[in-house]
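First the structure, in the form of structure tokens, and then the observations on it.
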Amino acid sequence: MAGSERSGPLAASAALFDGRPWAVTPHPDARPDAVRLVEALVLECGAAPIVMEPAEHDQAVARISHLPHLAAVLVAGRLAAAPAEHLALSGQGVRDVTRVAASDPALWQQILEANSEAVLDLLAEVRADLDALMTAVASDSGPDLVEILTRGNAGTAAIPGKHGGPARPTRSVFVAVPDHPGELARLFGDAGEIGVNIEDVHIDHDPGRPVGLTELVVERGSAEQLLAALESRGWTTHR
């Protein structure tokens, strides 16, 4: 969710099932054997069923999909009429924050209208947080500002890790990758030969340089091993 919504038969993918959670929301009048049949189908496809009430499901998707999308839309909207010299300073951070805002507006109109009640509740909470943030910034209230920023840290840490388990400590390894065909594949191949699993990857393209900065997110205990091994193979890394 939050950027992966697609419509039509071309959206079909086995990755939709492989270990993914699937929400099963029984109608109040649903027969227990019908619910068990749906759960069995989900398991047969390789996914993990999560049974919840329809209203709880609406609240959940509003929190983890619809609200993040709207936040990205509002931030991206501030860029549309920005001066070119401002946009020239754009880095990977602003791309990360605004990526999902590029989704289909017609599709999102339908999504938001269908779940307006849950979305409005969360928007009201965010509005209160925004008022508190503006007050903290305007009054130079350091402790209040730190408290708000710390809540953001806590929310990020609360997102489940791989396979739905707890998030594991990670560290980023930055590698300069020449902008030539095959270089990124060579980097991934070297990491595989070194024996370090890549948990996530981000690529920051610099329009003014013939290289890109690739961020490899790995388990914290593997970072130094990966850095040393990549440097021994001629890669330029940044600590």
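Just the heavy atoms: all of them, side chains too, but no hydrogens, waters or symmetry mates, feed the values below. Position 1 is the first residue of the sequence, and the numbers go up from there.
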Using a 3.5 Å cut-off and no angle test, enumerate the donor-acceptor pairs between side-chain atoms of residues 21-28 and protein atoms at least two apart in sequence or in another chain.
from: Trp22; atom 1: NE1; to: Leu16; atom 2: O; distance (Å): 2.7
from: His27; atom 1: ND1; to: Asp29; atom 2: N; distance (Å): 2.9

Distance-only check: which donor-acceptor pairs under 3.5 Å involve side-chain atoms of residues 114-124, not counting sequence neighbours?
from: Asn115; atom 1: ND2; to: Asp58; atom 2: O; distance (Å): 3.0
from: Asn115; atom 1: ND2; to: His66; atom 2: ND1; distance (Å): 3.2

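Scanning both residues, Ala72 and Val97, for their nearest heavy atoms gives CB-O, 3.2 Å. Nearest approach of Arg95 to Ser90, heavy atoms of both residues: NH1-O, 3.8 Å. Closest approach of Leu213 and Ala176 over heavy atoms only: CD1-N, 4.2 Å. Between Ala106 and Asp104, the closest heavy-atom pair is N-OD1, 3.1 Å. Contact record, Val177 with Leu187: CG2-CD2, 3.7 Å, taken as the closest heavy-atom pair. When all heavy atoms are compared, the tightest approach of Pro68 to Val100 is O-CG2, 4.3 Å.
The hydrophobic cluster containing Leu89, built from Ile/Leu/Val/Met/Phe/Trp/Tyr side-chain heavy atoms closer than 4.5 Å, comprises no other residue. Other residues sharing the hydrophobic cluster of Val94, ordered by chain and number and joined by side-chain separations under 4.5 Å: Leu79, Leu87. The hydrophobic cluster of Val146 has no other members, since no ILVMFWY side-chain heavy atom comes under 4.5 Å of it. The hydrophobic cluster containing Leu41, built from Ile/Leu/Val/Met/Phe/Trp/Tyr side-chain heavy atoms closer than 4.5 Å, comprises no other residue.
For residues 212-222, every residue pair satisfying the salt bridge (charged side-chain N to carboxylate O under 4.0 Å, His left out) rule, not counting sequence neighbours, is listed here: Arg168-Glu219. Applying the salt bridge (charged side-chain N to carboxylate O under 4.0 Å, His left out) test to residues at least two apart or on different chains, none of the pairs has a partner in residues 61-87.
Among residues two or more places apart in sequence or in another chain, the salt bridge (charged side-chain N to carboxylate O under 4.0 Å, His left out) test is passed with Arg127 by none. By the salt bridge (charged side-chain N to carboxylate O under 4.0 Å, His left out) test, Glu231 pairs with Arg239, sequence neighbours left out. With sequence neighbours left out, the salt bridge (charged side-chain N to carboxylate O under 4.0 Å, His left out) criterion links Glu183 to Arg186. Annotation: salt bridge (charged side-chain N to carboxylate O under 4.0 Å, His left out) contacts of Asp129 (sequence neighbours excluded): Arg151.
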Val137 vs Met134, test: side-chain contact (heavy atoms from CB on, under 4.5 Å). Steps then yes/no. CA-CA 5 Å; Val137 172; Met134 293 177 66; 5.9 Å; no
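Cluster membership check: Ile198 shares its hydrophobic cluster with Ile203, using side-chain heavy-atom separations under 4.5 Å among Ile, Leu, Val, Met, Phe, Trp and Tyr.
Atom CD of Glu224 has more than 12 neighbouring heavy atoms from other residues, nucleotides or ligands inside a 6.0 Å radius.
Atoms CG and NE2, on Leu216 and His202 in that order, are 10.0 Å from each other to the nearest 0.5 Å. Residue Asn153 holds its CG atom at 12.5 Å from CD1 of Ile148, rounded to the nearest 0.5 Å. Distance CG/Leu133 to CG/Asp144: 10.5 Å, rounded to 0.5 Å. Note that the CD1 atom of Ile194 and the OG atom of Ser232 stand 6.5 Å from one another [nearest 0.5 Å].
Counting heavy atoms from C-beta on, the side chains of Trp108 and Leu70 never come closer than 4.5 Å.
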